[in-house]
Amino acid sequence: MRLSKYFVPTLKEVPSDATVPSHILMLRAGMVRMLSAGIYSFLPLGYKVVKKVCEIIREEMDAIGGQEFHLPALNPKEIWEETGRVEAFGDILFHIKNRDYVLAPTHEEIMTFHARNVVKSYKDMPQIWYQIQTKFRNEPRPRSGVIRGRQFLMKDSYSFDISWEALDKSYELHDKAYRKIFDRCGLKYFAVGASSGAMGGTGSEEFMVKSAAGEDTVAYCESCGYAANVEVATSKPFMRKRDSESKSVYEIHTPNVKSIDELCAFLNIEEEVCAKSRVYISNGEAVLILMQGNDEVNETKLEKVLGGNVRPAHPDELKEITGADAGSIGPIGFNGKIVADLRLKDRNNLFSGANKNDYHIGGIDLMRDVPKIQYADLRIVQSGEGCPNCDKLLEVFPAIELGHIFKLGTKYSESMKAFFLDESGKEKPIIMGSYGIGVERVIACFIEQNHDTKGIVWNKTLAPFTVHLISINPKNEKVARTCETVYNEFQQNGIDVLYDDRDASPGFKFNDADLLGMPVQVVIGEKKLKEEKVEVKIRKTDERFDVNLRELTENIRNLIETKI
RNA sequence: CGGGGCGUGGCUCAGCCCGGUUAGAGCGCCUGGUUCGGGACCAGGAGGUCGGAGGUUCAAAUCCUCUCGCCCCGACCA
């Protein structure tokens, strides 16, 4: 492709509304343009990458027996009402105004609709059906370019099996396929166990990429591979022991002392001897939660302990329940359920609020003074704490979810009456799984992981072109003629080449080439041509060397095979 | 949905607080010429209802009200 005829509007300056590297670079490299918040147009160069990712996905899905479909994005609302998901999705689901249609945010219902009409016998299974298609979700806040959009491309697949054991196989196949896909794309990723959320189901795994632009927070152990969303992550934090002697309880006047830090400074004590109080409302009942020092309450864990939803008490409720405002609440004199984090188990000589504004209490012995206390793991895990599975340390960081695999079970087959007859002629619901990959996220994550100050650094798998051919001075006849020859020869040898034949200054072309980031650059200029040589540059390493013109194609082919 | 910020040629921004010539700059674009190994130079030129609507005023990019859009933080997130 000749750059002079190719629509690649590169930008020298950073567009003002982009902040994350992948977004900035996709705009600057002329891959995408925004149409509206969370809605992006892919330009030719960007779409070429999309097609490459899709092709890898297709190959790996086909390899596990997947069959590609193409389902409508426009769906009758009544199918979605069969599973109750019109309500479940709420405002996220786009509704068509002049007919009872919705824009599909995912396709469990539609796949199940087709399955129930044709998959009637145990002999018809297993099936793996997939598609790569545009999804629509009315995200309240799209962000980070294509990472969270209102319209996006997703590979979604669905497995139909006769038993849970068979589902395990389909799930395993997807797990392996996903790893191959992400490996082939050159992504550094890891898999975490996750709660299946509103999708329903019994088991799920998320494929994540570490990134500052991520919206999930995960705890990860480099050493043993333990990885979990912080919502469910556990750790081995440092546990402070009970002092050998317990002091008796005493009240301290602490005017204007609210936070743990203020308390520590005021009394000149360590954070570890403080029991921070939080009041939650669970099933209409006030529960006091005690955490050590500045440890934060993990509400997901708390909900599991208390059963059902929890919410923090409002300030006026606090006053009514405890007699004090936030900052002066504590376990002594609190009438109600008390749950403390494991880090406080059986501890003594603790400081906490007095349930009286501007007063704290010291010398608290949880064994002696708070007899009805219950203990549970309630902390949000933090970086540097011990991995629960090995003796190394955890790292906590934000991550982007690339893909998600679920064991759905019978949620959809039962509500939509997708039944089959087993060997004994008994009617049973189909056992389903669903599996998704965000196509644009694969691209954005790759760029997040593979860029430098000058631009994108593609690998040969995803690069829109393998070689970027730069003509230094196209007005020089020999340069122009040589470039044309090389360009043709590359193409005849199956080397996908982008040829910068524009009449622009060398620096301009070099910078564009670095921005676009093709793995290999071939520079043809008058100077080196005098010795029948051209310069070859590896984008990733910035390595440059001269190659004899006559050996160029052979050399580049070797380079592609071995070095990039 | 709460908080903050922004909206001025294609892009990045200045001007706004304190209203007053013809609304500026850099980049990009067009024409001609020179140049050609890391975002070249000279000369000439095109391009703006200052997001939109209403109001105040002799006078509004500038002040006020409403509205739309975009970004960031939070809430939410299959």
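Note that this is a predicted model, so its numbers are computed, not measured. Numbered from 1 within each chain, the chains take letters A, B, ... in sequence-line order.
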For [X], what residues pass the side chain to side chain contact (heavy atoms under 4.5 Å, CB included) criterion, not counting sequence neighbours?
X	value
Lys478(A)	Asn476(A), Arg481(A), Thr482(A), Leu529(A), Glu532(A)
Arg141(A)	Arg143(A)
Leu74(A)	Ile96(A), Tyr101(A), Leu103(A)
Asp546(A)	Lys528(A), Lys533(A), Glu535(A)

Selection from rG37(B), rC36(B), rG39(B) that lies nearest to any side-chain heavy atom of Asn473(A):
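Minimum distance to the Asn473(A) side chain belongs to rC36(B).
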Can you tell which of rG38(B), rG26(B), rG37(B) lies closest to the side chain of Lys527(A)?
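The closest nucleotide is rG37(B).
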[N] pairs with which nucleotide, Watson-Crick or G-U wobble, both distances below 3.5 Å?
N	value
rA60(B)	none
rC29(B)	rG45(B)
rA53(B)	rU65(B)
rA23(B)	none
rG37(B)	none
rG74(B)	rC1(B)
rC16(B)	none

Do other residues, nucleotides or ligands put more than 12 heavy atoms under 6.0 Å from Lys77(A) NZ?
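Enclosed.
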Can you list the steps and then say if Asp500(A) with Arg2(A) is a salt bridge (charged side-chain N to carboxylate O under 4.0 Å, His left out)?
CA-CA 6 Å; Asp500(A) 193 347; Arg2(A) 288 168 198 272; over 6 Å; no
By the 4.0 Å heavy-atom rule, please label [X] as base, sugar-phosphate, or nothing.
X	answer
Val14(A)	sugar-phosphate
Pro9(A)	nothing
Tyr435(A)	nothing
Lys528(A)	base
Asn476(A)	nothing

Is it true that [X] and [Y] have a side-chain N and a carboxylate O under 4.0 angstrom from each other?
X	Y	value
Glu401(A)	Arg148(A)	no
Asp452(A)	Lys540(A)	no
Glu109(A)	Arg85(A)	yes

Using a 4.0 Å cut-off on heavy atoms, which residues in residues 207-220 of chain A reach RNA chain B? List them by number, or say none.
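Those residues whose heavy atoms fall under 4.0 Å from RNA chain B, taken from residues 207-220 of chain A in numerical order, are Glu215(A).
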Scan residues 539-546 of chain A against RNA chain B and write down, sorted by residue number, each residue with any heavy atom closer than 4.0 Å; if none is found, say none.
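Heavy-atom contacts with RNA chain B come from Arg544(A).
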Residues in ring pair (Phe, Tyr, Trp, His ring centres under 6.0 Å) with Tyr280(A), at least two apart?
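Tyr280(A): no ring pair (Phe, Tyr, Trp, His ring centres under 6.0 Å) contacts found.
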Quick one: list whatever passes ring pair (Phe, Tyr, Trp, His ring centres under 6.0 Å) with Phe508(A), sequence neighbours left out.
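Testing Phe508(A) for ring pair (Phe, Tyr, Trp, His ring centres under 6.0 Å), a comparison that skips the adjacent residues, returns none.
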What pairs with Asp325(A) under side chain to side chain donor-acceptor pair (under 3.5 Å), at least two apart in sequence or on another chain?
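With neighbours one apart ignored, the set is Asn357(A).
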Please enumerate all protein N or O atoms sitting under 3.5 Å from an N or O of nucleotides 66-73 of chain B, with distances to 0.1 Å.
from	atom 1	to	atom 2	distance (Å)
rC70(B)	OP1	Ser36(A)	OG	2.9
rC70(B)	OP1	Ala37(A)	N	2.7
rC70(B)	O2'	Asp17(A)	OD2	3.3
rC73(B)	OP2	Arg141(A)	NH1	3.4
rC73(B)	OP2	Arg141(A)	NH2	3.0
rC73(B)	N4	Arg141(A)	NE	3.4

Going by salt bridge (Lys or Arg N to Asp or Glu O under 4.0 Å), name the pairs with one or both residues in residues 4-20 of chain A, residues two or more places apart or in two chains.
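Every pair satisfying salt bridge (Lys or Arg N to Asp or Glu O under 4.0 Å) with a residue in residues 4-20 of chain A: there are none.
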Using the 3.5 Å cut-off, write out each protein N or O paired with an N or O of nucleotides 31-34 of chain B and the distance between them.
none

Side chain of Asn138(A), backbone of Asp91(A): donor and acceptor closer than 3.5 Å?
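Judged by distance alone, yes, a pair lies under 3.5 Å.
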